Protein chains: 2
Amino acid sequence: MKMSDVAKMANVSPATVSRVLSNPDLVSKQTRDKVLEVIDKVNYQPHIVARQFRTKVTKTILAVVPDITSDFFSEVLRGIEHVAINEGYQVILGDTEHSLERESDYVNLLLQKQVDGMVLLTAKLEKERLEELAEHFPIVLACEYIDGLNVPTVSIDNISAARKATEHLIHLGHKQIAHICGPMNVILSRDRLRGFRQAMMSHDLDVDPSFIQEGGLTIESGYNQMTKLLALETPPTGVFVYNDEMAMGAIKAVKESGLQVPEDIAIVGFDNLKMSMVIEPHLTSIDQPKYDIGQKAMNLLVQMINKEQIKKRSFVMKDELIIRDSCGGKARSTMPPKASL
Amino acid sequence: MKMSDVAKMANVSPATVSRVLSNPDLVSKQTRDKVLEVIDKVNYQPHIVARQFRTKVTKTILAVVPDITSDFFSEVLRGIEHVAINEGYQVILGDTEHSLERESDYVNLLLQKQVDGMVLLTAKLEKERLEELAEHFPIVLACEYIDGLNVPTVSIDNISAARKATEHLIHLGHKQIAHICGPMNVILSRDRLRGFRQAMMSHDLDVDPSFIQEGGLTIESGYNQMTKLLALETPPTGVFVYNDEMAMGAIKAVKESGLQVPEDIAIVGFDNLKMSMVIEPHLTSIDQPKYDIGQKAMNLLVQMINKEQIKKRSFVMKDELIIRDSCGGKARSTMPPKASL
DNA sequence: AGAATAAATGTAATCGCTTTCGGTGCTGGT
DNA sequence: ACCAGCACCGAAAGCGATTACATTTATTCT
């Protein structure tokens, strides 16, 4: 059943059918109703791929995420999807699992015109490659970023957030503070490390090189790095951990060593995942507006697709330190029926 | 830059270029190399939508999930995506957030020929509608199912798994056993409830109606239902909870009431999420092979797309009771460096 | 009323690829 | 020397929609 069939049945030309479908005001109410009736009767569905082919717009975008399994990214994905639905876009999921190659493969969908644009939640690609791509296709970066890259980017200020987290520990009186950081080849890890260092420095606190432990991004990795820290002659009394998942591993490690959080060791995480409300003790963490980041990024992308000019390059969303129990100094929180998790 | 341009530059016909791209053996090595050289030189990328239009195959499938934010579904999504990549498929993500309407909307992508097939991780649609669709399009159901539906389905046996979980409690000596169940309008909830009842009955144990509490699917919901149970004159000594997320809420509730898990109340969950290894106490839970379910489902879908006959209707994967600490009766587990989480 | 303008519809080209069908030239068998 | 068979390649149709342009019909204005 194609459009010309419908046209025949309604005694009009295919053009008219096309118009009632995508430009109804151009056709008189009478014939519009007639056509609609036929469409309804035969249950006609336009062949979207034919339309995409003809119009060169696919109404689908690509979302490239480093790890679909992570609570963090699935939240921003949801933000993306919501505005996608509102704007009539489909989203193709590209889970790279942190692989540069996979990221590179997905980017091909742009070149092949399978998608109208792309939001990248990871940025392992070379700056030049990305810049070149961005000249030809709508692209927005979210969460991660690349220095000096001329592509709209939405994220939080990781440096200041890390500083804030570290200073929380400092204000609580800690002096022996360690940092379990993420992989140094991702810029966010370097930023958070930098924020940590800035905070320490501005309070005249030394940072022992062995107090900086580079980890992966998993619970296990947090566990492992924490046990290294615990094995030190004088372990830290506070540690700022790259993200909540690793922080959970870290907490597990200190508990198993017979020590307590926060009494013996205070811990602050990053990302404010759902889990941080349920682990014992409840995790003090930096909240990123994950959903909003996704929304903002997707909104920017559709603006770009619509050729609207975007004045700013960088959109920084506001983060917030959520103080719970893992650093002490505050009453334990309970969970009211409608707790904001 | 289109195929005919490449053809001109290589002094061949467009047909030949097409052939070197998708049927290389049909063209002599000599001209093939010549064409390849031109393609490489001008960096030609075929217009995939044109190909999709012409061939009527999109090489993309639709994955409809009820909640992209859930650890459970993101794992099976990963399984799906892995075989999708292997088989050259893109996957469009459809997050319904448990809404029937959204589910129904996504199904339209099939009718409009935007995708070659669909795997459903939720089944709110009417049986008749789904059956009708399945006659015309490749569809496979995973995780959820519909009774008597003639559509390939991959899942675990929820009834026997629930029975197993409940019997674990029974064997530990519990007699006052409650069940916090999922929403009764989803079949999995009914199945797990049925398994619970079967186990109780076969051990001549009564189930007090107030020991069955229907919840939503969230941590809060688990928390709320558990507090109801705790408020009873004689609270249960063991409870089987619909899933791990709700179980976390439940654990939180008993802790806050001043009681302990498992000393005062034993809890067993379902799904074996990553989190269950990090919560205190570590959660005893039924493991579903999430990744395998996704893989299997997608493999079946590919077979169907390729018109291969599928003999079986129902593929049941094997689940496993993972015994940890939330029911007592076993030493606390630690986390070795390469723990299988 | 008739011309000028506006509204509604139809005609036909077109998007970029794949594929059927037929032609050309070569090989080898007799 | 002839023909069958084969490997290779080109011509052209066609996938199903959109849209520029042409044409017809309705409306308004003088």
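Below, read A as the first sequence line, B as the second, and so on, with proteins coming before strands; counting in each chain starts at 1. Owing to the predicted nature of the structure, the values given are computational and were not obtained by experimental measurement.
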Practice problem: Show your reasoning for whether side-chain hydrogen bond (donor to acceptor under 3.5 Å, both in side chains) applies to A/R129 and A/S104. | Solution: CA-CA 10 Å; A/R129 172 95 191 281; A/S104 192; 3.1 Å; yes
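- Checked for salt-bridge contact, A/D95 and B/R78 meet the test: a charged N lies under 4.0 Å from a carboxylate O.
- Atom pair B/I39:CD1 and C/dG16:P shows a separation of 16 Å (rounding to whole Å applied).
- Taking all atoms of both residues into account, the shortest heavy-atom contact from B/T153 to B/E144 is CG2-O, 3.7 Å.
- Nearest heavy-atom pair, A/F72 versus A/C143, reported as atom, atom and distance to 0.1 Å: CE2-SG, 3.7 Å.
- One atom, NZ of B/K8, and another, C1' of D/dG10, lie 15 Å apart when rounded to the nearest Å.
- In this structure, B/L26 places its CG atom 16 Å from P of C/dC21, rounding to the nearest Å.
- Distance B/Q52 CD to C/dC17 P: 12 Å, rounded to the nearest Å.
- B/I139 and B/L301 make their closest contact through N-CD1, 4.0 Å (heavy atoms, listed as atom of the first residue, atom of the second, distance).
- Under 4.0 angstrom from either OP1 or OP2 of C/dA7 there lies no side-chain N or O belonging to A/S28.
- When atom types are taken as modelled, the side chain of B/Q114 and the backbone of A/V49 share no donor-acceptor pair closer than 3.5 angstrom.
- Using a 4.0 Å heavy-atom distance criterion, A/V12 is classed as a sugar-phosphate-only contact.
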Self-check item: Base-contact (B) and sugar-phosphate-only (S) positions in nucleotides 14-26 of chain D, heavy-atom cut-off under 4.0 Å, - elsewhere
Solution: BBBBBB-------
